[in-house]
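In what follows, every chain begins at residue 1, and chains take the letters A, B, ... in the order their sequences are listed.
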Protein chains: 2
Amino acid sequence: MAEDRRTYHHGDLRAALLRAAEEELQASGVEAFSLRQVARRAGVSHAAPTHHFGDARGLLTALAAEGFHRFLAAQSLREARADPAPAAQLTAAGLGYVDFAMERPALFRLMFGSDRPDFADPVLNEAATAAYRHLRDQVAEVGGDEVAAASVWAMAHGLADLLSNGRLRAILSLPEAARQDVLAALLERAFPGSG
Amino acid sequence: MAEDRRTYHHGDLRAALLRAAEEELQASGVEAFSLRQVARRAGVSHAAPTHHFGDARGLLTALAAEGFHRFLAAQSLREARADPAPAAQLTAAGLGYVDFAMERPALFRLMFGSDRPDFADPVLNEAATAAYRHLRDQVAEVGGDEVAAASVWAMAHGLADLLSNGRLRAILSLPEAARQDVLAALLERAFPGSG
DNA sequence: AGCGTTATCTTTACAGCGACAAGATTGTCG
DNA sequence: CGACAATCTTGTCGCTGTAAAGATAACGCT
């Protein structure tokens with residue numbers, strides 16, 4: 001972790017801090033996240049992050065924004081492997097939503113269950129909004145309005161949040177293939193026109 | 001807040017601390033929750049909570065357990081006012097789930113989105129399990145299995161979590177009556193046999 | 001009633017935290 | 001080459017949670 005460094009100036013401390021911050025987040029969770037620990041991980045003094053991110057909130061804000069990009073990437077990955085039909089694409093996106101939450105539970109919680117990032121920050125706001133736009137556009141493709149988008153979002157989010165917290169044992173205990181099928185079926189219940 | 005007290009012994013400090021802790025939770029959120037602040041609120045020294053709750057985690061654990069009781073109460077309140085048919089009762093419980101999250105967002109987050117309570121604690125575990133049993137029994141009444149329970153839970157939880165975080169503007173901007181109708185309709189999408 | 005024991009609460013102390021200010025070092029641009 | 005700005009370090013402050021030791025009150029037993 002603690003990158004060795006011979007020069008007084010780091011060179012690319014901003015990126016190194018983001019990496020260290022994600023490690024720290026994964027290791028300690030949002031609630032025990034420590035800025036000084038991040039600095040230690042990056043092999044730098046405790047006050048070094050100030051110039052790059054202002055304060056701890058600034059760092060967590062940047063991290064959350066990056067999280068939303070990866071969030072969309074996780075959905076894209078699923079979409080690329082799925083049938084191009086709009087409904088199948090929407091299902092894929094939902095599965096990507098769940099993938100992300102289970103693979104990066106701490107980051108997911110930072111993005112959806114924390115007050116520490118500054119969601120009014122333009123960069124973070126844009127990243128979060130882009131994620132919502134993606135969902136809304138996909139729902140529109142299958143003929144749904146904003147309320148339909150809320151339906152799909154709620155189901156995907158509920159599954160993701162509960163699963164990443166280790167609840168929903170009935171689903172977690174399923175073998176991998178069966179789990180995918182069940183998740184897809186549950187997600188599709190929330191689609192417009194399946195009520 | 002700071003209860004006046006003439007005696008050295010408080011008399012009912014445990015209950016007073018729980019009250020103060022909930023105020024503090026509501027005011028500051030889980031992430032900025034401070035044990036010393038709770039003690040100040042209760043008009044007592046910062047180390048007084050130790051004997052009653054051990055540490056901060058102990059206090060938050062007790063608070064979360066109490067939260068699960070109120071959580072069930074919020075659902076019961078809705079159920080009592082609803083049609084006694086099993087499906088209507090399940091819908092009512094879902095609406096109570098959402099009511100609770102919106103009325104007590106910080107407590108909701110403590111219960112479902114925090115690592116600070118000790119969920120292995122017998123008291124908290126029993127309270128949380130009771131809430132799950134209630135859901136599972138209601139789902140059984142309408143002919144659903146454990147996977148169906150996961151479906152209903154995920155939808156209710158997704159709506160509750162997103163709404164309590166101020167997302168889902170499409171639903172939040174609806175007038176009260178319309179919002180209730182939409183929420184009921186969305187919840188029922190997740191019921192067994194409506195796919 | 002009186003005395004010892006225990007429960008409850010306060011005081012004091014310590015390490016870790018985030019934020020700030022001041023100083024040290026380095027890169028940049030005139 | 002020299003001044004300036006950017007970057008990083010050191011030191012300090014008030015806050016936090018936890019632990020230990022002391023003060024006070026309630027309880028139980030004789």
Checklist line | Aromatic ring proximity, centroids under 6.0 angstrom, B/Y97 and B/H134 | finding: no
Next item on the list: Provide, to the nearest angstrom, the distance between the CG atom belonging to A/L59 and the C1' atom belonging to C/dG18.
Entry: 13 Å
Item checked: Check ion pair A/R109-A/D161 (N to O, under 4.0 angstrom) -> no
Next item on the list: Give a yes or no on whether a salt bridge exists between A/R36 and A/E24, defined as a side-chain N under 4.0 angstrom from a carboxylate O.
Entry: no
Next item on the list: Would you please name every residue forming a ring-ring contact (aromatic ring centres under 6.0 Å, His included) with A/F100, sequence neighbours left out?
Entry: A/F71
Next item on the list: Assign a letter to each nucleotide of nucleotides 13-19 of chain D from its 5' end: B, base within under 4.0 Å of a protein heavy atom; S, sugar-phosphate only; -, no contact.
Entry: ---SBBB
Margin query: On the six-membered ring of A/F191, is B/R189 placed so that its NZ or CZ lies under 6.0 angstrom from the centre and within 45° of the ring axis?
Written below: no
